[in-house]
Structure formats: structure tokens, C-alpha cells
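These notes concern the structure reproduced below.
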Protein chains: 2
Amino acid sequence: MRGFAESPIEKPKTVAEQVANVLREAIASGTLKAGTALRQDELAEEFGFSRMPIRDALRQLEAEGIVSIHPTKGAHVTRMDGAEIGEIYAVRELLECEALRLSIPAISDGKLDEAEQALDQIDAERNVGRWGALNRTFHLLLYHACGNQRLLGLIEAHHNAADRYVRILLSSLDYRTRSQSEHRDLLAACRQRDGRKAVNVLRQHLREGSATLVNAIEDGGMSRRP
Amino acid sequence: MRGFAESPIEKPKTVAEQVANVLREAIASGTLKAGTALRQDELAEEFGFSRMPIRDALRQLEAEGIVSIHPTKGAHVTRMDGAEIGEIYAVRELLECEALRLSIPAISDGKLDEAEQALDQIDAERNVGRWGALNRTFHLLLYHACGNQRLLGLIEAHHNAADRYVRILLSSLDYRTRSQSEHRDLLAACRQRDGRKAVNVLRQHLREGSATLVNAIEDGGMSRRP
DNA sequence: ATTGGGATATAAGTATCCTCGTGTACGAGT
DNA sequence: ACTCGTACACGAGGATACTTATATCCCAAT
């Protein structure tokens, strides 16, 4: 879009950022389960860095709501119950519906094509771990033209926060089929530039996701104490 | 509610938190102006602590959007232009209207009385610095019963982010008069439990605030480079 | 059984040192 | 006079080693 020298030159990556990325993915993928203690010296040794950048990473993840830090008790992977998931989805509904509403009049056909490709990739993808990312990509592409960076940032943050739970949803073939069908409907409404319909489909999509997830967590025992 | 010894026993306060609070207030009050470099060793010496808790504090403020951290360039007080203020207000409108809508059916008369007291205090208060806090208190009291902690958290964060700019607004007698009149209308609608009206008043209130502020910043030169 | 220490583990905080990217200022070459 | 390159200073990121404070758990004395 903007560059001639393309992307590779960006701002330097700090160790803290890299550590945060690894931890974020580990938490999202379920490698680090809810409630796990994240001890700084342990992580420091494991990653081969000092405590300083590890603390920075943990702070960052705390801001994202993925990790909870209590003074003297340290950092733990945030444990979420059904109520919290419900809250996140309520906020997502609010934010994403608004972003979609704003985006639709401005969205380019190119972006819609990209979104469609993301859907096709989801259908084709066999690696469970990739579905979460593709799902997010699809949604964010639709909101991209909303013109409010802060709104987009919040949406992304809430995707991150719920990611590891969403992946539980996506691992069910049944849910994935239903979800994909809703995605196609949503995309169709976007292509027609029918904002009202698109928003309604999205709202329904998120509410179903929320209900399914809250159920799974409540009686699946995801939130049991160890 | 829960205690016998009241509040003082809560979780221990870390140095980082205290530093963050002081810095947040200094930025909100305008003591630290937009663009100011926040050098860690300087702050460390000034506060009489080491760099570690100062870094933690800066990270936290970064998460709140008050401070921007660039690797190798360090931390600076976030500089906002009219567009960013507009974005914040757009998000506030979205979040706060929803919170109010959810809150109204559940809000207690006691909270409404408290909110009214906050308004009276604003009228009585002579200290400019207190208006911001009272203004926030009033708004948050109305949303308190919305039942979504995360939503409340986001609202508070956005108050923080825009605080130092809102204070510019509030320092104008003209705006304050108008704002208070809108606040009274809003409260009245809440007392009648008229959700639609209350939300409309709030929306209008925020839009006026946004427009006034964006104007003030665009031609007031608040966002000039140093 | 209850209380009241220790002992241990871990987070928080301190102090110092090193490396490296960035900006600036000065001097050489044209 | 203008550009370019180098030298140098500064500050952030990071490493390392040490101290302090706060839990928690276990055991011993009452």
C-alpha cells in the first residue's frame, strides 16, 4: 500500500515482545492451561533471558487479560469462568457489530475477496491450530474499513483474550460447520452492502458462539480448580 | 459488605502501582505534557526507586494508552491529535451507551442519589483538578449496575486515556454549564427509568463533548510538535 | 486441636555493568 | 557552501548478583 521497500524493515523487536508472543501462543493453544503459575526465574531460565524482559512480557500479557498478576503471588494464566466468557462475548458483540456497520459502506471488493479466501482456507485446513488465526483474519478483514484504529485494537485484544476458549469451539466439527455457514451468509450480506442484515447475522453468530462456549465450559469443567 | 476492618486491608500495593498512579495524575493534570520523554533513570532517581518498578509502571501506562513506548527510544507521553480523540469518543459513546442501557433497569435509587451528589459537588467545587474525577464518578455510578465488569473496565480505561483532554473542556465555564445541564437531564431520565431517553441524552452529551474537544485541539494547537 | 514459630520458596526491589541503536555534531572531501 | 561520513555521547534493553518482604507449610510446644 504505502511502501516501496515493502515491509521487512520495521521497528526492532525486543526480547520481551518475542517472549510475550511465545507465551501468548502457548496459552492460546492450551499448552499452558488456565491457572498455571508463570514463575519468572523459571521462564527466564527456560527462555535463556534474564528476569527483566520476562517481567515486561508478563505485564503486557496482563494488560491483554491473558495473564493475572498478583503482588507477592506472581503471574498466573487467567482462569475464566462462564460468566467472564459471556462478558467478553457481550463486549465483542458490541464492538464488532459497530465496526462492521461502519466498515460495510467503505469496504473494498478486494478485501471481501480476501475474506472469502480465508473462509476457503478454513475449509481446507487440517491443522487445528490454524483455524483460530484464520477465523480471526476473516473477521478482522471485514472490520478493516471501519476507520477507527482504536476500535480495531480493542476487537483484536478481545480475540486474543478468548482465543484459547474459541479454539475449543473450533475443534468441534459440528460447530465449525455451522460457523462456516454463518460466515458465508455474513460475507454474502457484505457483498450486497446490506449493513443491517450483515450486522444481524454477525450478532447471531456471536451469540451462538457465546452460548455454545459458556455451556461447554460450565459443564465441561474447564474452570475447575486444580 | 465483606469486611469488618473496612478497606485498609487489601492487596499490597507495589511500588510500580504507586509510581503509575503519580505519573497518571501528573499526565492527566498537564504537569507532564504530551510528547514529554519519560526517562527511566531520571524517574528512578526522582522517585527514589530503582528502574525495575519504574519500567513496570511505564508498561502499565502504555497499556492504558497514556504512554507510548518505542524500543530504543523509550517512553513518551502519548501525543494525541483530533482524530484520535474522535476515536476515543466514538468508542466511549458505544461502550457507555450500552452500559447505561443495561444499567438502567437494575440501578438502585441509592446510586442515583449518589450520582446527584456528585453533580452537586461539581457545582460547588472550586478546585479545577477535582472536576475530572467527579465527572468520571458521576458517569461510572450510572453504569455501575450494568453487570458487565469488563465493560466497566474498558469505560474507565477510556476515561483515563482522555482525561487530560477532558480537563481542558471542563476548565471552560461555558462548557461546564452546558455539560451540567445535560447531566441533570440524564439523571432525570434515569430516575424515570426511561432507558431510551437516557441513552439519547448521553449520546448527545458525548457527541457535543467530542466536537468541542476536537475543535479546541485542532485549532488550539495542542498537538503541535515541540 | 490450636497456636506459634521457623524454614523455604518466590516475588519485589536494588545496584551495577555491558551492549547496541540512534542522534548529533564536527571535520574532511568535493 | 554543501554533502557525507565518522566519532562520540546518551539512553534503552538486557544481564547478573544481591537484599528484602511476604506467603505457605510443617512441626513442635502447649
Side-chain angles (χ1 to χ4, degrees), chain A residues 5 7-24 27 32-63 66-79 225-226, chain B residues 2-3 5 7-24 27 32-79 225-226:
Chain A
S7 45
I9 17 96
E10 280 309 324
K11 57 173 162 186
K13 271 178 202 147
T14 63
V15 171
E17 266 177 273
Q18 300 173 52
V19 170
N21 289 337
V22 173
L23 286 179
R24 190 183 299 108
I27 292 170
L32 291 171
K33 298 200 188 96
T36 307
L38 300 168
R39 277 174 244 296
Q40 11 186 273
D41 341 14
E42 237 174 68
L43 294 174
E45 189 164 7
E46 212 161 306
F47 281 101
F49 297 107
S50 70
R51 267 174 53 208
M52 188 97 84
I54 268 80
R55 285 175 65 102
D56 282 353
L58 290 175
R59 283 264 166 205
Q60 195 176 322
L61 295 176
E62 185 196 24
I66 297 171
V67 154
S68 313
I69 300 182
H70 180 80
T72 77
K73 285 192 200 158
H76 296 253
V77 178
T78 302
R79 191 192 297 282
R225 311 270 165 232
Chain B
R2 118 142 55 119
S7 46
I9 20 94
E10 279 308 325
K11 57 172 163 184
K13 270 178 202 146
T14 64
V15 171
E17 265 177 272
Q18 301 173 50
V19 170
N21 289 337
V22 173
L23 286 179
R24 191 184 297 107
I27 292 170
L32 291 171
K33 299 201 188 98
T36 308
L38 300 170
R39 275 173 246 297
Q40 5 187 280
D41 350 14
E42 239 173 68
L43 294 173
E45 188 164 7
E46 212 162 307
F47 280 99
F49 297 106
S50 65
R51 267 176 54 208
M52 189 92 91
I54 268 80
R55 284 173 66 99
D56 283 353
L58 290 175
R59 281 265 168 207
Q60 195 176 322
L61 295 176
E62 185 195 25
E64 296 176 23
I66 297 171
V67 153
S68 313
I69 299 182
H70 180 78
T72 78
K73 285 191 203 162
H76 295 252
V77 178
T78 303
R79 192 191 297 281
R225 312 271 164 229

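Reminder, nothing fancy here: chain letters follow the sequence lines and each chain counts from 1.
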Would you mind reading off the distance between [X] atom [atom1] and [N] atom [atom2], rounded to a whole angstrom?
X	N	atom1	atom2	answer
A/E62	C/dA11	CD	P	14 Å
B/E17	C/dA12	CD	P	10 Å
A/L58	C/dA11	CG	P	10 Å
A/F47	D/dG13	CZ	P	19 Å
B/E42	D/dC10	CD	C1'	12 Å
B/K73	D/dG13	NZ	C1'	16 Å
B/H70	D/dC10	NE2	P	21 Å
B/R39	D/dG11	CZ	P	6 Å

List, one per line, each side-chain donor-acceptor pair under 3.5 Å for residues 43-50 of chain A, sequence neighbours excluded.
none

Which residues pass the side chain to side chain contact (heavy atoms under 4.5 Å, CB included) test with B/V77, sequence neighbours left out?
B/I27, B/L32, B/T36, B/L38, B/R164
Strictly distance-based, threshold 3.5 Å: is any side-chain N or O of B/T78 a donor or acceptor partner for the main-chain N or O of B/G65?
yes
B/A57 and B/A16: which non-hydrogen atoms are nearest, and at how many Å?
CB-O, 3.4 Å
With side-chain contact (heavy atoms from CB on, under 4.5 Å) as the criterion, how do A/R55 and B/R59 come out once you've worked through the C-alpha distance, each side chain's angles and the decisive distance to 0.1 Å?
CA-CA 10 Å; A/R55 285 175 65 102; B/R59 281 265 168 207; over 6 Å; no
Sort me out a list of protein N/O and nucleotides 13-17 of chain C N/O pairs below 3.5 Å, or just none if empty.
{"unit_1": "C/dG13", "atom_1": "OP1", "unit_2": "B/V15", "atom_2": "N", "d": "2.6"}
{"unit_1": "C/dG13", "atom_1": "N7", "unit_2": "A/R51", "atom_2": "NH2", "d": "3.3"}
{"unit_1": "C/dG13", "atom_1": "O6", "unit_2": "A/R51", "atom_2": "NH1", "d": "2.7"}
{"unit_1": "C/dT14", "atom_1": "OP2", "unit_2": "B/S50", "atom_2": "N", "d": "2.8"}
{"unit_1": "C/dT14", "atom_1": "OP2", "unit_2": "B/S50", "atom_2": "OG", "d": "2.8"}

Only one of B/R24, B/Q18, B/E17 forms a side-chain hydrogen bond (donor to acceptor under 3.5 Å, both in side chains) with B/N21, so which one is it?
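Testing B/N21 for a side-chain hydrogen bond (donor to acceptor under 3.5 Å, both in side chains) against B/R24, B/Q18, B/E17 leaves exactly one candidate, B/R24.
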